[in-house]
Enquirer: 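Below are the structure tokens for one structure; questions will follow.
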Number of protein chains: 2
Amino acid sequence: MNASSGRGPYAKTAEVRRRILEACVDAFGETGFYGATMKDIAKRAGISHTGLLHHFARKEDLLIAVLELRDERSARFLESADAIDPAKHPVEALRGMLTVIVDSELQPGIMELHCVLSGEATSPGHPAHTYFAERYRSVRRFYTDAYTALAERGELSSAADPKTLAAMTLALINGLQAQWLFDRDSVKMESAIHAFLVSAVPGLAR
Amino acid sequence: MNASSGRGPYAKTAEVRRRILEACVDAFGETGFYGATMKDIAKRAGISHTGLLHHFARKEDLLIAVLELRDERSARFLESADAIDPAKHPVEALRGMLTVIVDSELQPGIMELHCVLSGEATSPGHPAHTYFAERYRSVRRFYTDAYTALAERGELSSAADPKTLAAMTLALINGLQAQWLFDRDSVKMESAIHAFLVSAVPGLAR
DNA sequence: CCTACCGATCGGTAGG
DNA sequence: CCTACCGATCGGTAGG
């Protein structure tokens, strides 16, 4: 019953919080933020309704925590890859993006969470509206930096400017993921995105 | 008090139903199907809760009716345009699509409705799951027919096959609409989609 | 973290 | 027998 053993109250709290946030991914992914209920999330996590309230006092706190957890994992991936600076390593940045897409098919629950919440959050009153607005802006900047670097090297074949290409890239990924969730057999995400990238950056075909 | 006067019970029913479905577009667009309430929809439509239930006995009936109304309007547009047969008039079909995109910016409520509901409906248990699965499939077939016809004429410059191009086109439209709803100034839907179409079908630049 | 609750509101139905 | 609703309330469940 001490910290070094991996047991004790702190270890237990971390474990319970992990189970709760996993339950949130499923619950929010299935019915969205408005459709999910605290009592259902508690049941999925194997604790009582009030036990859940001990860890997260409000429903919004669950939403914030689950989105922050996703961000931390994404950030950790980007740090481990060479894709951290798209202006210096644009090809690696775009290739890293493709890796993430392929990987995301192994975690359909996460994809559904993002798809359902981002749709719900288009309304300005949604608690995650600002989160998604900033996330989209940030991802577009990432791609804009990569495409700008490639344009300066003369490796961009597309007629569209880097900013438009960035919005197109994000739109393509999100749109294909939505289609894939409805029909996993007839939508080939990786090849579609690869076709788009190669048409814009011929050097990526190598 | 006869049919030709535009008054009478039937005219009143049609008018009330129209107001109800307008309220549904707003309510479902803001909080999705699960988040919307019958009493809020009734209030928006200016009738009582039970008055609403007289016209639509269940919440799901409201969802079905509002989606069918959208389909009828889309069908009416396609009939009025030359885009009805993408295999015979592929260029007109793709140009007609661009017109719809431009027009959709004038109806952000409809765009939000589609965006929120399609995200929510990714879960198999959602009452509109099958609707969106079939709608996506149908739209992809429309584009596939257009791109296939262009490929046979040798007017397709893209390396991607018609089926993949169709999925990409739908993904681009849906993805850009989602981004536009979060940031209407920095996302140029029409120019982005036009850039994509021209890169795939050079003949469209004319 | 549980049992025991609250003010309110949910989707749907009663009689008139 | 039809329509277009109403005020009140049902048994359950919401977030807290």
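Only heavy atoms go into these numbers, but all of them, side chains included; no hydrogens, no water, no symmetry mates.
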Enquirer: Just the rounded figure in Å: distance from P of D:dC6 to CD1 of B:I47.
Expert: 7 Å
Enquirer: Which of parallel (below 30°), tilted (30 to 60°) and perpendicular (above 60°) describes B:H126 and B:Y34?
Expert: perpendicular
Enquirer: Taking the inter-plane angle between the rings of B:Y136 and B:H114 on a 0 to 90° scale, is it parallel (under 30°), tilted (30 to 60°) or perpendicular (over 60°)?
Expert: tilted
Enquirer: Which heavy-atom pair separates A:V66 from A:L21 by the least distance, and what is that distance?
Expert: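 Heavy-atom minimum between the residues: CG2-O, 3.8 Å.
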Enquirer: Would A:R141 and A:D145 pass as an ion pair if we require N to O under 4.0 Å?
Expert: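 Salt bridge absent between A:R141 and A:D145.
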Enquirer: Does B:H49 make a side-chain N or O approach to OP1 or OP2 of C:dG12 shorter than 4.0 Å?
Expert: no
Enquirer: I need the CZ-P distance between B:R17 and D:dC5, as an integer number of Å.
Expert: 12 Å
Enquirer: Which comes earlier along DNA chain C counting from the 5' end, the contact point of A:G46 or that of B:F33, where each point is its nearest nucleotide?
Expert: A:G46
Enquirer: Figure out the CG/C1' separation between B:L62 and C:dG11, and round it to whole Å.
Expert: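 That distance rounds to 11 Å.
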Enquirer: Answer with base, sugar-phosphate or nothing: what part of the nucleic acid does A:A36 contact at a heavy-atom distance below 4.0 Å?
Expert: sugar-phosphate
Enquirer: Please state how far atom CG in B:L52 lies from atom P in C:dG11, giving the value in whole angstrom units.
Expert: 10 Å
Enquirer: If the C1' atom of D:dC5 is compared with that of C:dG15, how far apart are they to the nearest Å?
Expert: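 Here D:dC5 and C:dG15 have their C1' atoms 13 Å from each other.
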Enquirer: Closer than 4.0 Å, any side-chain N/O of B:H55 to the OP1 or OP2 of D:dC5?
Expert: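 Affirmative; the distance criterion is met.
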Enquirer: Between D:dG15, C:dG12, D:dC5, spot the one nearest the side chain of A:M38, thanks.
Expert: D:dG15
Enquirer: Ignoring hydrogens and angles, tell me if any N or O in the side chain of A:H49 forms a donor-acceptor pair with the backbone of A:K39 under 3.5 Å.
Expert: no
Enquirer: Nearest-Å distance, CG (B:L53) to C1' (C:dG15)?
Expert: 15 Å
Enquirer: Any side-chain N or O of B:T50 under 4.0 Å from OP1/OP2 of D:dC6?
Expert: no
Enquirer: What is the distance from CZ of A:F56 to P of D:dG15, rounded to the nearest Å?
Expert: 15 Å
Enquirer: Calculate the interatomic distance between A:K39 atom NZ and C:dT3 atom P; express it in whole Å.
Expert: 13 Å
